[in-house]
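Worksheet for the structure shown next.
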Amino acid sequence: QVQLVESGGGSVQAGGSLRLSCAASGYTNSRYCMAWFRQAPGKEREGVATILDGRTTYADAVKGRFTISQDNAKNTLYLQMNSLKPEDTGMYYCAAKIPAFWAWTCGSRGSDYTYWGQGTQVTVSS
């Protein structure tokens, strides 16, 4: 059973930066799609970024500001968030799924992901 534990959230002023971490354990497969999702109060969950075999995808709203990365030796996923905006406020979740063997990138549909962390809150004030 894969377990994911996020950390690194907090409160920051607009224009600031945060780095989220997601510690993973219990891997049983050699490849996983890893992703960050977020959910703001009253809004639907949305995909922020994904990574598979070093290939990344980003939501348009965060391109150029956020960077997803992973340290395979530490089984840790990261999300570096720069130039934060108030609209980036929300609960951020780490998620994982086993991709199809032919997959080159991961989708950002939350219902496709099997494993989820408990979330870490990010609040950006103006």
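Below, all heavy atoms of this structure are taken into account, side chains as well, without hydrogens, waters or symmetry copies.
- Residue pairs meeting the side chain to side chain donor-acceptor pair (under 3.5 Å) criterion with at least one member in residues 34-44, sequence neighbours excluded: Arg38-Glu46, Arg38-Asp88, Arg38-Tyr92.
- Nearest heavy-atom pair, Leu4 versus Tyr115, reported as atom, atom and distance to 0.1 Å: CD1-O, 3.6 Å.
- Pairs of residues two or more places apart, or lying in two chains, never qualify as salt bridge (Lys or Arg N to Asp or Glu O under 4.0 Å) while including a residue from residues 94-104.
- With Thr89 contributing its side chain and Val124 its backbone, the two residues share a donor-acceptor pair below 3.5 Å.
- Side chain of Gln118 to main chain of Glu6: a donor-acceptor pair is present (N/O by atom type, distance under 3.5 Å, no hydrogens or angles).
- Here the closest heavy-atom approach between residue Cys94 and residue Met34 is recorded as SG-CE, 4.0 Å.
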Review item, side-chain donor-acceptor pairs of residues 8-26, under 3.5 Å, at least two apart:
| from | atom 1 | to | atom 2 | distance (Å) |
| --- | --- | --- | --- | --- |
| Ser17 | OG | Asn82 | OD1 | 2.9 |

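- In the model, Thr50 has no side-chain atom that pairs as donor or acceptor with a side-chain atom of Ser108 under 3.5 Å.
- To the nearest 0.5 Å, atom CG of residue Asp112 and atom CD1 of residue Ile98 are 13.5 Å apart.
- Between the Asp53 side chain and the Arg55 main chain, no donor and acceptor come within less than 3.5 Å of each other.
- Across every non-hydrogen atom of Arg31 and Leu52, the tightest pair is NH2-CD2, 3.4 Å.
- Nearest heavy-atom pair, Tyr113 versus Gly107, reported as atom, atom and distance to 0.1 Å: OH-O, 2.6 Å.
- Rounded to the nearest 0.5 angstrom, Arg45 CZ and Phe37 CZ are separated by 6.5 Å.
- Residue-environment remark: CZ (Arg109) stays at or below the threshold of 12 foreign heavy atoms within 6.0 Å.
- Taking the six-membered ring for Trp and thresholds of 30 and 60 degrees, Trp116 and Tyr93 have ring planes more than 60 degrees apart, a perpendicular arrangement.
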